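From a predicted model like this one, the values you see are computed outputs, not experimental measurements. Each ligand, and each atom within it, is numbered from 1 in the order the structure gives. We number each residue from 1, following the sequence as shown.
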Amino acid sequence: MLAQIKASGLRGRGGAGFPIGIKLEGCRKAESNQKYIVCNADEGDPGSYSDRYLLENQPIAVLVGLIIAGYVTGADRGVMYIRFEYPESIEVIKQAIADLQSAGLTGTGILGSNFNFEFKVIEARGAYICGEETALLASIEGQRPEVRVRPPYPVNYGLFGKPTVVNNVETLANLHFIVKNGGEAFAKIGTQRSSGTKLVSLDSAFRRPGIYEVDMGTPLATVVEELGGGFKRPVKALHIGGPLGGLVPVQKMFDLTVDFESFAQNSFLLGHASIVSVPEEYPMVAYLEHLFAFTAHESCGKCFPCRIGSVRGKELLQKAQTSDYKIDNELFTDLLDTMKKGSLCALGGGIPLPVMNAMAHFGEELSGYFKEKI
Ligand SMILES: Cc1cc2nc3c(=O)[nH]c(=O)nc-3n(C[C@H](O)[C@H](O)[C@H](O)COP(=O)(O)O)c2cc1C
Ligand code: SF4
């Protein structure tokens, strides 16, 4: 089964795109009398609701994903860590677990085998950082959701110090297809390095907002224009992949395809593939201020580049909008560089990406707030 999952090339859908086969193999090799599979259903990215769609419409596919991961690694406990703002999802998942129990597909000695698997549902507590895998584990343990230094990685030292696999809802929901049809069948969908399909969430600026499933490699313009039906009002940028994702100028959609490589090669990030539209009339400087404010609010506070840097970024942009103060370009670039290189996790480390995208593509609009032309 592990060989099939590895052959599928399935990569994590929660943001980083890490191959699940390698994670499962690492956990399987780790020696321990207790292992865990954790489903990250915190879905904190504003504008993302594809995990919610799966939890509420395909709960069995998600749960079976955890059971498969448990079978492959030798874990007998599955934890569903679900965003508490999704009470319907929690209800549906609890009911689906009860249905699996009645069908004899969870518990001890499943289908007469010596394989055991039990589920636990945990309601997350509403902080963005709870979606980061190590903070998430701390949160399940009842501790403050603070990011932990890696290594050790969760596959070796995870929940309660035991080997743990943490995967996104959409990643796990793909496993049943691979086990049923084989890794090759999955690898044939999408592109060579980004196999399978991707759920994309479109926001209310689209004529047809909603969740769409597309093969990896689908042109972004097809998603925007054909599936989404274009925009209801003029839009200048698409923030794709959550607040830590890239800020794509709308005309760039013709150069991008929905896969990890295309986005990375163009200095963007596919992430979880939510699309939040920035209206034409919305000032980019105010949008960037909001991104820093979001980071400052959601920072776990463990490392100073993020804890202090996000507040400084917000202050600089605020001051430039409310007085005749002009931001020193070098100071601002240094700030972004320090956050990018010095932050412990991808919250502080990731926020410079959309800011740099904005500076690269909206320099003319932003230049008035800086000492020198961008
Ligand atoms: C600040 C922050 C928030 C995150 N939020 C989520 C989230 O809500 N859901 C998620 O699946 N991954 C989230 N991640 C990514 C997880 O740390 C982790 O990479 C992911 O759950 C691994 O699953 P995958 O390999 O299936 O994508 C977040 C990461 C960071 C840095
Ligand atoms: S980057 Fe921010 S959220 Fe991440 S560990 Fe540092 S302070 Fe915490």
Atoms of ligand 1 close to [X] [distance to a heavy atom under 4.0 angstrom, numbered from 1]:
X: I129; result: 1 (C)
X: K23; result: 22 (C), 23 (O), 25 (O)
X: V166; result: 22 (C), 23 (O)
X: D42; result: 8 (O)
X: T171; result: 24 (P), 26 (O)
X: E133; result: 16 (C), 17 (O), 18 (C)

Hey, looking at atom 4 (C) of ligand 1, which of G131, G242, A16, A124 has the closest heavy atom?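 Going through G131, G242, A16, A124 one by one, G131 has the nearest heavy atom to atom 4 (C) of ligand 1.
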
Can you figure out which of L344, T134, V165, N40 has its heavy atom closest to atom 21 (O) of ligand 1?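 Looking at heavy atoms only, the winner is N40.
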
Any N/O pair D51/ligand 1 closer than 3.5 Å: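 In this structure, D51 places no N or O atom under 3.5 Å from an N or O of ligand 1.
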
Would you check whether L347 has a nitrogen or oxygen atom less than 3.5 angstrom from a nitrogen or oxygen atom of ligand 1?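 No, no N or O pair falls under 3.5 Å.
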
In terms of atom number and element, which parts of ligand 2 are under 4.0 angstrom from non-hydrogen atoms of [X]?
X: G348; result: 1 (S)
X: G301; result: 7 (S), 8 (Fe)
X: S343; result: 1 (S)
X: I129; result: 3 (S)
X: L347; result: 3 (S)
X: S299; result: 2 (Fe), 7 (S)
X: K302; result: 7 (S), 8 (Fe)

Is it true that [X] and [Y] have a side-chain N and a carboxylate O under 4.0 angstrom from each other?
X: E315; Y: K319; answer: no
X: E330; Y: K371; answer: no
X: E261; Y: R11; answer: yes
X: E364; Y: K236; answer: no

Ligand 2-proximal atoms of T295, by part, heavy-atom distance under 4.0 Å: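 It is neither part, as no heavy atom is under 4.0 Å.
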
How does [X] reach ligand 1, by side chain, by backbone, by both or by neither, if only non-hydrogen atoms under 4.0 Å count?
X: E132; result: both
X: R13; result: backbone
X: N167; result: both

Nearest protein heavy atom with distance in Å, relative to atom 4 (Fe) of ligand 2: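 Residue, atom and distance for the closest contact: C345 SG, 2.4 Å.
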
With the threshold set at under 4.0 angstrom, would you say G349 reaches ligand 2 through any of its heavy atoms?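 For ligand 2, residue contact (heavy atoms, under 4.0 Å) with G349 is absent.
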
Under the 3.5 angstrom rule, does the side chain of [X] hit a backbone N or O of [Y] as a donor-acceptor pair?
X: T257; Y: D259; value: no
X: S32; Y: K35; value: no
X: T164; Y: L159; value: yes

Any N/O/S atom from C300 (main chain or side chain) under 2.8 Å of atom 4 (Fe) of ligand 2?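 No - counting backbone and side chain alike, C300 has no N, O or S atom under 2.8 Å.
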
Between Q34 and D76: side-chain donor-acceptor atoms closer than 3.5 Å: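 Result is yes, a qualifying pair exists.
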
Atom CD1 in I178, atom CZ in F186: separation rounded to 0.5 Å?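 Separation between the atoms: 4.5 Å.
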
For [X], look at atom [atom1] and say whether over 12 heavy atoms of other residues, nucleotides or ligands are found less than 6.0 Å away.
X: R193; atom1: CZ; value: no
X: Y287; atom1: OH; value: yes
X: K120; atom1: NZ; value: no
X: E281; atom1: CD; value: yes

Tell me whether C306 has at least one N, O or S atom under 2.8 Å from atom 2 (Fe) of ligand 2.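 So C306 counts as coordinating atom 2 (Fe) of ligand 2, yes.
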
With the threshold set at under 4.0 angstrom, would you say G44 reaches ligand 1 through any of its heavy atoms?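 Distance cut 4.0 Å: G44 passes for ligand 1.
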
Residues Q95, D99; criterion side-chain hydrogen bond (donor to acceptor under 3.5 Å, both in side chains); working and verdict: CA-CA 6 Å; Q95 184 54 51; D99 293 345; 2.9 Å; yes

May I have the step-by-step check of salt bridge (Lys or Arg N to Asp or Glu O under 4.0 Å) for E132 and K302, ending in yes or no? CA-CA 13 Å; E132 193 283 334; K302 182 150 176 164; over 6 Å; no

